[in-house]
Protein chains: 2
Amino acid sequence: MVKDEVLSGLILELRRGTIVLCVLSQLNEPTYGYNLVNILAEKGINIEANTLYPLLRRLESQGLLESSWVTSEAKPRKYYVKTQKGNEICNALKQHWDSMVRNIDRLWEVDINEK
Amino acid sequence: MVKDEVLSGLILELRRGTIVLCVLSQLNEPTYGYNLVNILAEKGINIEANTLYPLLRRLESQGLLESSWVTSEAKPRKYYVKTQKGNEICNALKQHWDSMVRNIDRLWEVDINEK
DNA sequence: TCACATACTGTGTAGTATACACTATAATGT
DNA sequence: ACATTATAGTGTATACTACACAGTATGTGA
């Protein structure tokens, strides 16, 4: 069905951008990528590991996250955590998100003054 | 400030994808592009005309919209309206949007069972 | 009548991001 | 031994938005 293809493309686009918001929201505590995938999945947000890794690196290069390797555990893991800048941006982004959500909801309200 | 550049980039990405939803939501009645820009702007959603036009064409090529030129008025205008398929997809997308919004909201809830 | 703003649609290009397939390795369970 | 899971990484194709630019017609003020 072609309809489904179009729809899933649009859904893909919808998710886009929100992923950063999701990731940032969870990184108050140092967390490694693989774990983050699971945390988000539990909360209904599915993101592929190989989509997440480049994202984490990008956010780090933008100064929103900082990372450190921990080798004392069984497997070497790279822990990421929000920087102060990351925190500020996360908050600003969330605020923007909330207002976007309100605006979009309003689009479905019936306009009483129509015409 | 570099922070603002990063932030506006992320906001850009956040908007992305939602634009289709916004546009579809308003096309129950035949409307032309320029007018649609104004309608959305009134409702707090700003989109450049030259961003909208390619989008309308794309949605038409995907079968979600259909268009017709109206030349009887002062200026020739191209009116777009949702097709039935467009309507179905719009509804499905909105449903998906709502559940995404709920999931994301939940990310900010404090987890009582933490640890 | 000239200039300019505004209404209206269109196109081309660059930047950037996600998805997905693939590589790689070590531990753990069977 | 072998399969699976845990863990991180890279490269490429695809697709979209933003933005600058093009182009026409109408109305308006000087």
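A, B, ... follow the sequence lines: proteins, then strands. Residue 1 opens every chain. In this text the structure is predicted, and so the values were computed from the model without any measurement.
Among pairs with a residue in residues 49-60 of chain A, those fulfilling side-chain hydrogen bond (donor to acceptor under 3.5 Å, both in side chains) read A:Glu60-A:Ser67, at least two apart in sequence or across chains. Evaluation of the salt bridge (charged side-chain N to carboxylate O under 4.0 Å, His left out) test over residues 91-101 of chain A, restricted to residues two or more places apart or in two chains, returns A:Lys94-A:Asp98. Note on residues 30-42 of chain B: pairs passing side-chain hydrogen bond (donor to acceptor under 3.5 Å, both in side chains), not counting sequence neighbours, are B:Tyr32-B:Arg77.
Residues forming a side-chain contact (heavy atoms from CB on, under 4.5 Å) with A:Pro76 (at least two apart in sequence, or on another chain): A:Trp69, A:Thr71.
Judged purely by atom type and a 3.5 angstrom limit, A:Lys85 uses its side chain to pair as donor or acceptor with the backbone of A:Gln62. Judged by distance alone, the side chain of A:Arg15 and the main-chain N or O of A:Asn46 form a donor-acceptor pair under 3.5 Å.
No single ILVMFWY cluster, assembled from side-chain heavy atoms under 4.5 Å apart, contains both A:Val81 and A:Ile19.
Taking atom OH of residue A:Tyr79 and atom P of nucleotide D:dA8, one finds them 8 Å apart after rounding to whole Å. Residue B:Leu36 contributes atom CG, which lies 16 Å from atom C1' of C:dG10 at whole-angstrom precision. In this structure, A:Leu65 places its CG atom 14 Å from P of D:dA8, rounding to the nearest Å. A straight line from CD of A:Glu13 to C1' of C:dT16 spans 12 Å, rounded to a whole angstrom. We find that CG of B:Asn46 is positioned 14 Å from C1' of D:dA18, with the value rounded to whole Å. Per the geometry, OH belonging to B:Tyr34 stands 17 Å off P belonging to D:dA25, to the nearest Å. Atoms CG (A:Leu10) and C1' (C:dT18) sit 15 Å apart, rounded to a whole Å. Distance CG (B:Leu64) to C1' (D:dC16): 15 Å, rounded to an integer number of Å.
Checking the phosphate oxygens (OP1, OP2) of D:dT7, a side-chain nitrogen or oxygen of A:Tyr32 falls inside 4.0 Å.
Here the side chains of B:Ile89 and A:Val6 are in contact, with some heavy-atom distance below 4.5 Å. Side-chain contact check for A:Asn28 versus A:Lys82: some heavy-atom pair is nearer than 4.5 Å.
For B:Arg15, counting side-chain heavy atoms from C-beta on, the closest listed nucleotide (C:dG10, D:dA18, D:dG9) is D:dA18.
Contact check of residues 50-61 of chain B against DNA chain D (heavy atom, cut-off under 4.0 Å) returns B:Asn50, B:Thr51, B:Arg58.
Position along DNA chain D of the nearest nucleotide to B:Arg16 versus A:Arg77 favours A:Arg77 as the more 5'-ward residue.
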Distances for protein N/O vs nucleotides 23-30 of chain C N/O pairs under 3.5 angstrom?
| from | atom 1 | to | atom 2 | distance (Å) |
| --- | --- | --- | --- | --- |
| C:dA26 | N3 | A:Lys75 | NZ | 2.6 |

